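Notes follow the structure.
Both backbone and side-chain heavy atoms feed into the values below; hydrogens, waters and symmetry mates do not. Predicted, not measured: the structure shown is a model, and the values here were computed from it. The first residue in the sequence is number 1, and the count goes up from there.
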Amino acid sequence: MEITFIQGILLAIMCIIVGLDFFLEAFFLFRPLMVSTFTGIILGDVVLGLKVGALIELAFAGLTPAGGTQPPNPVMAGLMGTVLAYTTGCEPEQALALCLPFSFLGQYIILFYYSAFSFFMGKADDCAANADIKGIAHINYLTMGIVSITYGVLAFLCAYVAQAPMQAFVEWLPEIVTHGLEIAGGILPAVGFGMLLRVMMKVKYIPYFIAGFLMACFIDMPNLLPVALLGLIFALMDFFGAKQRKAEVEAAIEEAVLNGGDTNVGI
């Protein structure tokens, strides 16, 4: 299927918005699941957008910016994964593997901007020294505008202008390569979760991990909603348990103060 000019413009506008959100990290609309869903809505295939977005989100679960480093770009991954699946008819797993070069392209462009924007720092220092709030605001608006417009231009070029070459390239690929891409795309979500667990997994979280593993692997369920609800239950138990412990500590401290005793209460 082909992407029309109007759809290309809408995709560019969407990427301007989510690209700005990625720069600000305000509403997390830039996550692959959200970008793929928006792309699916624009292309008229929401189900495809959700399928591709879910896979890419799992693969990118453990990839977050740290300091000056930038992971592969989630906006371009979510956009091009859905676009490739839509225009070439490939499986979501294949689209996940094929969208990675576009994700790396977005990563390199953003890294270039982060380095190039150091040019504005001298002007920003002068504005700060002179208490020029409007000047600092203009610098921020300018850099945000450059980044967000770049997302739009890149999205239009990759999704609309280059769709014919991309479709021809995917059709040219031999079956052994496309099958390998499908396998790689199926592995990447597990790699993403593994990277996330390497950072987040602690001993106290092991019971939650085992409970979710048992439900997902050994209980027949039509979808993952029961696992999500179980996670919600655990989260609420931990929240109210922490709240109760805090109230008990405050009550103990208050009682100790009234009795004129030690206020350490074992802490």
Tell me whether [X] contacts the main-chain N or O of [Y] through its side chain, where contact means a donor paired with an acceptor under 3.5 Å.
X: N130; Y: D132; result: no
X: S118; Y: Y114; result: no
X: E57; Y: L33; result: yes

Checking [X] now: which residues fulfil side-chain contact (heavy atoms from CB on, under 4.5 Å) with it, not counting sequence neighbours?
X: L48; value: D45, V52, A85, Y86
X: F240; value: L236
X: P101; value: none
X: A77; value: I56, F60, C99, S103

### Task
Check the pair I139 / F117 against side-chain contact (heavy atoms from CB on, under 4.5 Å), numbers first and verdict last.
CA-CA 10 Å; I139 292 174; F117 286 165; over 6 Å; no

Report whether [X] and [Y] are members of the same hydrophobic cluster (ILVMFWY, side-chain heavy atoms less than 4.5 Å apart, transitive linking).
X: L157; Y: I16; result: no
X: L225; Y: F218; result: no
X: V47; Y: L96; result: no
X: I136; Y: L24; result: no

### Query
How would you list, by chain and number, every residue that makes a side chain to side chain donor-acceptor pair (under 3.5 Å) with T150, sequence neighbours excluded?
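Partners of T150 by the side chain to side chain donor-acceptor pair (under 3.5 Å) criterion, ordered by chain and then number, come out as Y113.
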
### side chain to side chain donor-acceptor pair (under 3.5 Å) involving S36 - partner list, sequence neighbours excluded
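If we apply the side chain to side chain donor-acceptor pair (under 3.5 Å) test to S36, skipping adjacent residues, the hits are T82.
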
### Message
What verdict does the side-chain contact (heavy atoms from CB on, under 4.5 Å) test give for I253 and E250, after you've listed the backbone C-alpha separation in whole Å, the side-chain angles of each residue and the deciding distance to 0.1 Å?
### Response
CA-CA 5 Å; I253 293 176; E250 291 176 348; 5.7 Å; no

Results of ring-ring contact (aromatic ring centres under 6.0 Å, His included) for [X] - residues two or more places apart only:
X: F234; answer: Y208
X: F28; answer: F30
X: Y160; answer: F5, F156
X: F112; answer: none

### Query
Near M144 CE, under 6.0 Å, is it more than 12 heavy atoms from other residues, nucleotides or ligands?
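Counting neighbours around CE of M144, more than 12 heavy atoms of other residues, nucleotides or ligands fall under 6.0 Å, so yes.
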
Any side-chain heavy-atom pair from [X] and [Y] closer than 4.5 angstrom?
X: F23; Y: Y151; result: no
X: V147; Y: F22; result: no
X: M14; Y: V35; result: yes

Could you tell me which non-hydrogen atom of [X] sits nearest to which non-hydrogen atom of [Y], and how far apart they are?
X: M34; Y: L29; value: CB-O, 3.3 Å
X: L98; Y: C90; value: CD1-SG, 4.3 Å
X: M76; Y: G106; value: CG-CA, 4.2 Å
X: A159; Y: M80; value: N-SD, 4.2 Å
X: Q163; Y: T87; value: OE1-CG2, 4.0 Å
X: L79; Y: A155; value: CD2-CB, 3.5 Å

### Any pair counted as ring pair (Phe, Tyr, Trp, His ring centres under 6.0 Å), so long as it reaches residues 123-142, sequence neighbours left out
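For residues 123-142: none.
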
### Task
Report the C-alpha separation of F104 and Y108 in whole Å, then their side-chain angles, then the decisive distance to 0.1 Å, and conclude whether the side-chain contact (heavy atoms from CB on, under 4.5 Å) test is met.
CA-CA 6 Å; F104 295 144; Y108 297 147; 4.2 Å; yes

### Message
Quick test of your reading: applying side chain to side chain donor-acceptor pair (under 3.5 Å), list the pairs with at least one residue in residues 226-249, sequence neighbours left out, ordered by first then second residue.
### Response
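Passing the test, one end in residues 226-249: Q244-E248.
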
